[in-house]
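In each ligand, atom 1 is the first atom listed, and ligand 1 is the first ligand listed.
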Amino acid sequence: MHPESHGHVSRRSLLQVGTGLLLSVALPPLAAQATRPGEQFDAAPTRVRLAGGDRPETDVWAYNGTVPGPLARLRQGEPVRLIVDNRLDQDTTVHWHGIRLPNAMDGVPGLTQPPIRPGESFVYEFTPPDAGTFWYHPHANSLEQLGRGLSGAVIVAEREAIPVDRDLIWFLTDWRLTEEGEIASGFGNRMEAAMSGRVGNTVTLNGRVSEAETVQAGERARLRLVNGSLARIMALRFEGHRPVIVAIDGQPCDPHEPDGGLILLGPAMRVDILLDMQGEPGRRYGVIDDFYEGLSYRVTQLSYDERPSLRAHPLDAPLDLPRNPLPEPDIATAERHDLTLQGGMMSSMGSMQGGGMMHGMMGMGGGPAWAINGISMMGDGHAGMEPAVAFQRGRSVMLVMRNETTWWHPMHLHGHSMRVLSRNGKAVPHRQWQDTVLMAPKDVVEVAFVADNPGDWMLHCHVMDHQMTGMMTVLRVN
Ligand code: C2O
Ligand code: CU
């Protein structure tokens, strides 16, 4: 997509090869297990055992019969063909979240492609320009389709990876299950939609409730965290460990330890960490989600096997991932646009008069609960979505996103990665790029990017209920 910047990447990659050779760390080459061209993804109902053991099975909708769906292993700069077969009884599409691909492959029904009808299929063909951790999910009836299990991870392998002992993925999903183990009904509950969205009661790791994940003392793991939840925000804490964040939303950043040791992971976000297993053989260490006050729970435990430590000292190897070929926005000449997020319970949005709760009752009658710049685009992708702003291709753009609501919103832009410049007036360190920016209540965040990918691109909150009830807009790149 940006051939002119590839030279830059190769130079860095060469440096990485150099270091990789010096350290003879055994690494199964990811590329060797790349997804075959013509990989098939069949969306269909099935039953899976989410809680494991003697817990009942759950009716889900899934790709190829598993939750999460098959891991798509792609290679940076190499074309792929991914075939999606719709065996559901409703329309679907697949959105390859975070991958900077051509607009016609973006998977938004009505906007970038016709919906895939039941019994039909669609071939997605693109060449991923960036290495990193991404994921895929439907963009039709998203709240229910994602909530019933349709999602999976994408790993785009670097041409030259950094040395680690193991490359792991934790695909985290939040479910709302009944006593009988079935997915609770009530998708699209209006009260919930105007508040935090559909937060569930069961979190799975790679498709099952996890008691423990086995590790070996001394090893260094690259751990790719994906939050595939509808609405649950996570703040992960690794007891007894010091994770180093090396990439956010697939894009490498300057390696750093997270503030307060908490890895903040909004819905749709990915964070790659390097984790040196400095614990003791035979011991267990909790991985705790501390996000909701008073509702901490254990996601899993790092369970050290009895093997002696792999090495006396932590691996002395570079932590910097090779940067992706992202065009740097020119802040001085960037055009500035404001995106103000409005609505939700306890808000003063809308024309409704009257005090207190009445203000918060927006959306209860089937109307919108949220808006961006006063306009509520409802539902999912559909035909006739008019862009809120249009950019000339190649322009640097700065978006000032203001969260006027009292709720959290992970704001996702399709087709581009955004350089995160500042939050509430303070510069954001570590050269971070994101495709999904988590906004706390009242946050003001400045992001910038080069509008280099032509087409109509969705920008929306990734709390699915929020998107469906109005927190969505479209940006056009001409
Ligand atoms: Cu992951 Cu428009 O979505
Ligand atoms: Cu939101």
Side-chain angles (χ1 to χ4, degrees), residues 68 92-101 103 105-113 133-143 145-147 150-154 171 173 192-199 226-233 249-250 265-270 339-345 347 349 362-363 368-372 376-382 385 401-418 434-443 445 455-475:
T92 195
T93 60
V94 172
H95 171 58
W96 309 92
H97 183 121
I99 300 182
R100 298 185 297 136
L101 38 62
N103 192 257
M105 299 293 120
D106 198 42
V108 182
L111 189 69
T112 71
Q113 69 166 92
T133 307
F134 303 95
W135 68 300
Y136 61 94
H137 62 79
H139 224 300
N141 189 20
S142 307
L143 173 61
Q145 291 191 16
L146 181 59
L150 288 166
S151 59
V154 180
F171 194 94
T173 313
E192 216 158 62
M195 301 176 74
S196 60
R198 182 177 160 110
V199 176
V226 184
N227 185 348
S229 304
L230 289 177
R232 180 184 288 280
I233 304 168
D249 289 353
L265 212 53
M269 283 181 65
R270 292 87 62 211
L339 292 178
T340 304
L341 315 182
Q342 300 149 318
M345 273 295 188
S347 80
M349 172 189 146
M362 272 206 72
W370 306 93
I372 298 177
S376 305
M377 270 190 190
M378 301 272 292
D380 237 304
H382 51 82
M385 301 174 88
M401 297 195 286
R402 292 172 206 284
N403 182 3
E404 286 189 346
T405 80
T406 51
W407 301 92
W408 291 72
H409 306 286
M411 300 303 296
H412 172 48
L413 172 62
H414 288 213
H416 300 79
S417 278
M418 305 174 277
Q434 290 182 248
D435 57 61
T436 309
V437 179
L438 182 61
M439 305 202 40
K442 307 297 175 188
D443 262 4
V445 175
D456 283 353
W457 301 102
M458 230 182 217
L459 185 153
H460 61 87
C461 178
H462 222 289
V463 169
M464 280 300 160
D465 316 71
H466 294 182
Q467 179 211 292
M468 300 298 274
T469 54
M471 197 170 278
M472 171 164 84
T473 190
V474 172
L475 306 182

Centroid separation under 6.0 Å, is that true for the rings of His466 and Trp407? no
Of all N/O/S atoms in His409, which lies nearest to the Cu ion (ligand 2)? ND1
Take the angle between the ring planes of His460 and His412 and call it parallel below 30°, perpendicular above 60°, tilted in between. perpendicular
Which N, O or S atom name in His466 marks its closest approach to the Cu ion (ligand 2)? ND1
Less than 3.5 Å apart, any donor N or O on the side chain of His139 or Thr112 sitting next to an acceptor on the other? no
Under 2.8 Å: N/O/S of His95 next to atom 2 (Cu) of ligand 1: no
Given Asp435, which partner from the list Arg100, His416, Arg270 fulfils the side chain to side chain donor-acceptor pair (under 3.5 Å) test? Arg270
So, 2.8 Å as the limit: is an N/O/S atom of His139 located closer than that to atom 2 (Cu) of ligand 1? yes
With atom 1 (Cu) of ligand 1 as the point of reference, which N/O/S atom of His137 is the closest? NE2
If you consider just the N/O/S atoms, which atom of His97 is the closest one to atom 1 (Cu) of ligand 1? ND1
Does either side chain, that of Gln145 or that of Thr92, offer a donor lying less than 3.5 Å from an acceptor on the other one? yes
For the residue pair Trp96 and Tyr136, categorise the inter-ring angle as parallel (less than 30°), tilted (30 to 60°) or perpendicular (more than 60°). tilted
From His414, does some N, O or S atom reach closer than 2.8 Å to atom 2 (Cu) of ligand 1? yes
